[in-house]
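These notes are about the structure you will find just below.
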Amino acid sequence: MKTSWRNASLVASAAAVLVLTTACGQEGGTSSVGSQNVGATAAAGGYGGVGSGIGTGTSPSPSSTVGGGQGNLGAQSASAGKLEVSANAELGDVLTDSAGLSLYRFDEDTAEPPKSNCNGDCATAWPPVPANDASAGAGIDKALLGEVTRADGSKQLTIAGWPAYRYAKDTKAGDLTGQGVGGKWYALAPTGKKASVASLPGLSTRNDPNLGEIVVDKNGMTVYRFAKDKAWPEPVSNCTGACLEKWPVVAPVSSNDTKDVQKKGLMSFTRSDGVKQQTVNCSPIYTFSGDKQAGDTNGQGVGGTWYAVRPNGEMVGVSDK
């Protein structure tokens, strides 16, 4: 039997409602967006002199509390302690030791099998990180930590097989002067890859020392919710006009391009102005123009209506009812 035009229209409308309620009540997904690699580079050369790096004195905001800088070359041969993750505006997540000193990898090394090819003067400029007491802090998979026996018999820390080093000219927590040196040395991401914004998913989480686990975008910027928005029965943004200048919307993100963010209600919707916006648990999400670098949380509590977002979509400091 043929379906009438009217019946077909009703079926299509019902299907559209079902898709929306499924996304907001059960499961959901969206289209993907790209990310950009903005890592710095340096002229090819040896292992020694300072390259372009990110610059002495760059201080990424840590995602968890770290100790003070070690401040001298001798101290850089010290044990790693609990490894931490620091957020950097240009490189995304960067692996550090317990004192906040950045860790690096060398392109002339190998990860499969792990092998260090930095010895002699090279190891003076790039002190190998000892493996003896290294442990994984928040946001680091302990299964990625290992060790390799160096030519002198000492044990060096490896991350996903890559030997880890400090840089002698990094003198305090947050320095990244070794980034790009000789076109061969790069800051380590917590995954063992070269640190870059492109290594961050479209949406992921980080452990903030004050707010706990919160959602961040592909650039490591804190994500927020507006208390006056609505999530049910469909997402509605009440931030329009001039509001959007301070609180830019987060563009749609593929559900496969997320990490540690609740999949239920993870969807995009079309705003009243025609712009597509991402949600977490069906609640519209934004970034804050007052956050200048990855790790900033200056939008938390603004006006008593803007709050950072938990991985399940709840607002930090506010009990959703």
Is [Y] close to [X] at the side-chain level, that is, under 4.5 Å between some pair of heavy atoms?
{"X": "W247", "Y": "F288", "value": "yes"}
{"X": "L203", "Y": "L266", "value": "yes"}
{"X": "L83", "Y": "L103", "value": "yes"}
{"X": "I159", "Y": "T191", "value": "no"}
{"X": "L211", "Y": "T297", "value": "yes"}
{"X": "R150", "Y": "P128", "value": "yes"}
{"X": "V302", "Y": "K246", "value": "no"}
{"X": "V216", "Y": "M221", "value": "no"}

Keeping [X] on the side-chain end and [Y] on the backbone end, is there a donor-acceptor pair under 3.5 Å?
{"X": "K292", "Y": "S289", "result": "yes"}
{"X": "Q278", "Y": "M267", "result": "yes"}
{"X": "T279", "Y": "G265", "result": "yes"}
{"X": "R271", "Y": "C239", "result": "yes"}
{"X": "T222", "Y": "D296", "result": "yes"}
{"X": "D93", "Y": "A87", "result": "no"}
{"X": "D257", "Y": "P201", "result": "no"}
{"X": "D260", "Y": "S204", "result": "no"}
{"X": "E234", "Y": "F269", "result": "no"}
{"X": "D291", "Y": "N298", "result": "yes"}

(message) Assess whether a salt bridge exists between E213 and R206, defined as any Lys/Arg side-chain N lying under 4.0 Å from an Asp/Glu carboxylate O.
(response)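 Salt bridge: no.
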(request) Please determine if K194 and D107 form a salt bridge, counting it only when a charged side-chain N lies under 4.0 Å from a carboxylate O. (result)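 Result for this pair is yes, salt bridge flagged.
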Gap between atom [atom2] of [Y] and atom [atom1] of [X] - 0.5 Å precision:
{"X": "S255", "Y": "K264", "atom1": "OG", "atom2": "NZ", "value": "16.0 Å"}
{"X": "L244", "Y": "D273", "atom1": "CG", "atom2": "CG", "value": "6.5 Å"}
{"X": "R310", "Y": "M315", "atom1": "CZ", "atom2": "CE", "value": "12.0 Å"}
{"X": "N256", "Y": "K263", "atom1": "CG", "atom2": "NZ", "value": "6.0 Å"}
{"X": "S268", "Y": "Q277", "atom1": "OG", "atom2": "CD", "value": "9.5 Å"}
{"X": "D97", "Y": "L157", "atom1": "CG", "atom2": "CG", "value": "10.0 Å"}

So which atom in [X] and which in [Y] form the shortest heavy-atom distance, rounded to 0.1 Å?
{"X": "L176", "Y": "S102", "result": "CD2-OG, 3.2 Å"}
{"X": "A187", "Y": "L91", "result": "CB-CD1, 4.2 Å"}
{"X": "V85", "Y": "G139", "result": "CG2-O, 4.2 Å"}
{"X": "G81", "Y": "S98", "result": "CA-OG, 3.9 Å"}
{"X": "A99", "Y": "A173", "result": "O-CB, 3.5 Å"}
{"X": "P130", "Y": "A134", "result": "O-CB, 4.4 Å"}

(request) For L145 and T158, run side-chain contact (heavy atoms from CB on, under 4.5 Å): C-alpha distance rounded to whole Å, both residues' side-chain angles, the deciding distance at 0.1 Å, then the answer. (result) CA-CA 6 Å; L145 274 59; T158 61; over 6 Å; no
(request) I would like to know whether S79 and N132 meet side chain to side chain donor-acceptor pair (under 3.5 Å); could you show each step before the answer? (result) CA-CA 7 Å; S79 59; N132 57 341; 4.9 Å; no
(message) I214 and side-chain contact (heavy atoms from CB on, under 4.5 Å): which single residue from V309, D208, T205 fits?
(response)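 That would be D208.
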Establish, from distance only, whether the side-chain atoms of [X] and [Y] form a donor-acceptor pair under 3.5 Å.
{"X": "K276", "Y": "T270", "answer": "yes"}
{"X": "S283", "Y": "K230", "answer": "no"}
{"X": "D229", "Y": "Y286", "answer": "yes"}
{"X": "S135", "Y": "K142", "answer": "no"}
{"X": "S116", "Y": "Y165", "answer": "yes"}
{"X": "D170", "Y": "T177", "answer": "yes"}
{"X": "S154", "Y": "D152", "answer": "yes"}

(request) Would you please indicate if the ring centroids of W306 and F226 are separated by under 6.0 Å? (result)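 W306 vs F226: aromatic centres under 6.0 Å.
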(message) Counting the benzene-type ring for Trp, do W162 and F106 have ring centres under 6.0 Å apart?
(response)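 Centroid separation for W162 and F106: 6.0 Å or greater.
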(request) Treating Ile, Leu, Val, Met, Phe, Trp and Tyr as nodes and any side-chain heavy-atom pair under 4.5 angstrom as an edge, say whether V261 and Y224 lie in one connected cluster. (result)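 Cluster IDs for V261 and Y224 differ.
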(message) Apply side-chain contact (heavy atoms from CB on, under 4.5 Å) to residues Y307 and Q300 and explain how you reach the verdict.
(response) CA-CA 5 Å; Y307 300 92; Q300 175 64 12; 3.6 Å; yes
(message) Does the plane of the ring in Y104 sit parallel, tilted or perpendicular to the ring in W126? Use 30° and 60° as the thresholds.
(response)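 Perpendicular.
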